[in-house]
Amino acid sequence: MSSKELFRLAGLSKTFGATAALRDVGLRIGQGEVHALLGHNGSGKSTLIKILAGVYQPDERTTAHTDGIPFALGDHAAAHEAGLRFVHQDLGLVDSMDTVDNLALGGHYLRRRSGFIDRPACTRRARELVESIGYRIDVTMPVGRLSAAQRTGVAIARALQDLDGRTRMLVLDEPTAAMPATEADRLFEVVAHLAEQGLGILLVTHHLDEVFRVADVATVLRDGRVVATRPVEGLTEHGLVDLMVGDQLEQAEHARHDQHALTGPECLAVDALSADAVYDVSLTLARSEIVGVAGLDGSGRVELLEAISGNRRRSGAVRIGGARVAANRPHAARRAGLGYVPADRTRNSTFADFDVTANITAAGVREYLRAGLLSARAERREAEQWIDRLGINPPDPSARVDSLSGGNQQKAVVARWLARRPAVLLMVEPTQGVDVAARESIYAAVRLAARDSGVLIASSDSEELAAICDRVLVLRRGRIAAQLRGSELTAAAIDRLCLSAVEPEAAHA
Amino acid sequence: MRSTARARTAGLTRFSGLYVLAIVVLVFWRLLRPGVWVSSQNVSVILSEASVVGLLAVAAVIPLSASLLDISFANVAGFAMGLTAYLALHTGWNTWLIGALAVAASAGFGLLSGLLVAVLELPSLIVTLGVSSVALAATQYLLDGQTLYPRARLAPSFLSLGTGQWGPIPIATFVLAGIGLAAWAWIEHTPSGRRLLALGGNANAARLAGVRSFRYQVLCLTLSATLSGIGGVVLLATIGTADDVSASGYLLPVIAAVFLGSTQIKSRFNVAGTFVGVILIQTGIHGIELKGFDQWVNYVFDGAVLIVAVIVSRRSSKYAF
């Protein structure tokens, strides 16, 4: 299929400080070719895309070619000039404006002789453009009300508009990450259509089924190197996963899984829960059990925990210690004994104005009442205890929490819930933005929590899950696809199952 | 360690030049009108006027602690003042009962704002702007463009609330002190006050930690309007007449006092700091009144002080509006 070479790049390296993000990377894309770029978190995919787009500069001056014409990498204008167009994961659309305006803002407005905008002409142009790439969209509807696939279509149209045949290659960065399967089909029809017109398409994705559906060639990155570039014909899913995961040792990192067979009574039961991006999930959790929830972004990993915690609309039943908890009411869930450490600390968990003490006591202030008033001494005693147990540094209960490092802030947030001894502790990305040293103390805190609680952790870090969990549920497209425990619970196995393209059957965990 | 803790509670670690400014203002007026300034009578007058400003400032600082801005307090106070005067002239009811009714009716405005903010998730600034206009309309309806002189029909015990003194201190100041103390203790030293502050600091995190934001939004806006009503009633007891404009004049100085106060003692809105702001602004206003400038000078002063107050407070903390 790839008749004539369209894009070529060789010898690209990029280091950040001491870390090599890309090492001697090469890439060739033919005319009319859909080229999938695959790789794990941290494999260097995003770095490569950002260098192509001119956001980052390569270590040494590197040239790429389109149609044999050289251009310097790391320069936004040069990449544009060379015919590279990008649709980034964050589409960058103005939701409150319609397609006509979004396209015009990315290019220019057509004007009347008077200087005012010629609205009908702009609308006509937008409609033609959108239809030319195979979409039918109401171009006068605010973009925020379009479906995910339609929005991506608008972003593609914006990337391809204006320029007179100079567009040579379209880079799509995980376009389906937050898209239902049916909408993804629609998108891929468009991608195939564009390739037929002779464009090169570089498709960054996590989903292997998409590779087999639309791609002609696949390049796999691992640890910053290209490990393979192969035609998709003749590849198997298993073979691709092997290329992505590599031959890591598939043995359990530690013995905890085996010795931890004894668990307490059931503390959380989720029955047929559905929410945005989560479909019919059932699971149980026992006291002193640590269960991980793995899955690609968009798999429903985070949404599942948000729904259980009462912070996201849901259907289905959630029981804590046997008692059913009302949906959509965070306070009711908390009162029933649920603790929740959300993702995005600054936005969702720390009180920047408060000191460490008030951050730790925030979820149960009533406990520190003495004679009708809050006792600063009781609060402080609680805080000191957790500062000591979790090694919060500096060990100053009256330090403002935003003067602490990310890791120590997170310890304070974890302490907030440990202090409440919840029956169930939910954690989303508990070590996001946390340095290595603090990571270990947070793991220690999780194990401490598991003495009294059942712990459910959603994380994108498979090594983290393999290291601290007794078992791990793997979500794919909103359903539990698999469960790992004991000696089969390894980071590589988690990755493998997350990436696997097989549509999950309804599994109960 | 202990001494720094004490310095913090005295506001000295957050020293921002405000005290210097207060002294400059005092000296400035002293030079303009030697002899008139520091008499005990003057102090009483300042304190008496500051009591109404202070009550309204407490009314404003409660919702601000939860990051809600209530700008209806001045017109709600005007409504309470007008309603009390109206009922005193048109009924034979006990003055204290009338005052209580007026305060309760004022609370109704706050309840309305609170429900609009909590249920429909509207911005408090816009909601209270609208409610403020409605409160003003209600006052004008009652007063029908007249100034009411209900003094003769108000109980002497009620009037002494505004004009009486215990020693050199006006009784209204004791009322303010009591309410201020209660508000301070509530916000700083009780679980529900802490939840209010949590909501103000990070509403998401507060909800996720189990704070029922709905309740607190309704509660603090209702409380705010209740205190505004009390402020209006005290104002009537002080001046003995009711019209539809005098309460509105409190809007800017009170907001300025609250913002200045947010730079004092704590790096956020707080009752104790607010009192520092009230004293400073009141001395400035009183100076202007003594000097007998035209009314427009007052407006310039109010506006300039408000803007300066917000500039000063921006430097030391951050707000969502």
Side-chain angles (χ1 to χ4, degrees), chain A residues 305-306 309-312 329-355 357-376 379-380 396 398 400-402 409 412-413 416-417 419-420 422 426 428, chain B residues 1-9 13-14 64-67 118 121 181-218 262-263 265-270 273 313 316-320:
Chain A
L305 267 67
E306 287 176 350
S309 74
N311 291 292
R312 179 178 281 277
R329 290 180 53 197
H331 179 80
R334 205 195 77 63
R335 188 172 275 185
L338 182 133
Y340 180 47
V341 177
D344 195 345
R345 193 167 47 243
T346 328
R347 208 175 110 74
N348 294 327
S349 42
T350 48
F351 298 101
D353 299 345
F354 285 8
D355 59 13
T357 302
N359 268 282
I360 290 176
T361 60
V365 239
R366 200 179 299 227
E367 305 291 316
Y368 312 98
L369 272 182
R370 302 288 183 272
L373 293 178
L374 278 176
S375 157
E379 284 194 81
R380 205 181 162 90
D396 174 9
S398 51
R400 263 177 72 113
V401 80
D402 59 358
Q409 290 187 21
V413 172
R416 177 188 302 167
W417 291 110
R420 302 275 70 81
L426 307 181
V428 181
Chain B
M1 197 68 197
R2 172 135 307 183
S3 70
T4 59
R6 193 168 297 152
R8 189 178 297 129
T9 51
T13 55
R14 299 202 39 76
L64 277 171
S65 299
S67 274
E121 297 180 0
L181 194 66
W184 170 79
W186 174 50
I187 295 176
E188 306 288 339
H189 294 284
T190 69
S192 61
R194 178 68 61 77
R195 293 193 196 104
L196 194 74
L197 290 172
L199 209 51
N202 185 342
N204 269 328
R207 274 185 215 112
L208 292 175
V211 174
R212 279 168 286 189
S213 56
F214 185 99
R215 277 182 190 201
Y216 284 90
Q217 287 174 337
V218 174
S262 74
T263 66
I265 299 173
K266 299 270 166 68
S267 60
R268 54 170 162 80
F269 295 104
N270 69 97
S313 63
S316 60
S317 46
K318 34 134 196 75
Y319 309 110

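Source: prediction; values computed, not measured. First the proteins, then the strands, lettered A, B, ... as listed; each starts at 1.
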Interatomic distance, [X] atom [atom1] to [Y] atom [atom2] [nearest 0.5 angstrom]:
X: A:Trp417; Y: A:Leu426; atom1: CH2; atom2: CG; answer: 9.5 Å
X: A:Arg335; Y: B:Arg212; atom1: CZ; atom2: CZ; answer: 5.0 Å
X: B:Thr190; Y: B:Arg195; atom1: OG1; atom2: CZ; answer: 8.5 Å

Check each atom of [X] against the heavy atoms of chain B and say whether the ones under 4.5 Å are side chain, backbone, both or neither.
X: A:Ala376; value: neither
X: A:Thr346; value: backbone
X: A:Arg420; value: neither
X: A:Leu369; value: side chain
X: A:Asn311; value: side chain

Heavy atoms only: give me the nearest A:Val401-A:Phe351 pair and the separation to one decimal. CG1-O, 3.3 Å

Knowing that exactly one of A:Thr361, A:Thr350, A:Asn359 qualifies, which makes a side-chain hydrogen bond (donor to acceptor under 3.5 Å, both in side chains) with A:Arg416? A:Asn359

So which of A:Arg329, A:Glu379, A:Arg345 has the largest heavy-atom pair count under 4.5 angstrom toward chain B? A:Glu379

Which one, A:Val365, A:Leu373, A:Leu374, leads in non-hydrogen pairs under 4.5 Å with chain B? A:Leu374

Relative to chain A, which segment of B:Arg194 carries a heavy atom at a distance below 4.5 Å: side chain, backbone, both, or neither? both

Side chain, backbone, both or neither: which part of B:Ala206 has an atom under 4.5 Å from a heavy atom of chain A? both

Okay, side chain of B:Ser262, backbone of B:Phe269: is any donor-acceptor separation there less than 3.5 Å? no

Quick check against the 3.5 Å criterion: does B:Asn204 have a side-chain atom that pairs as donor or acceptor with the backbone of B:Asn202? no

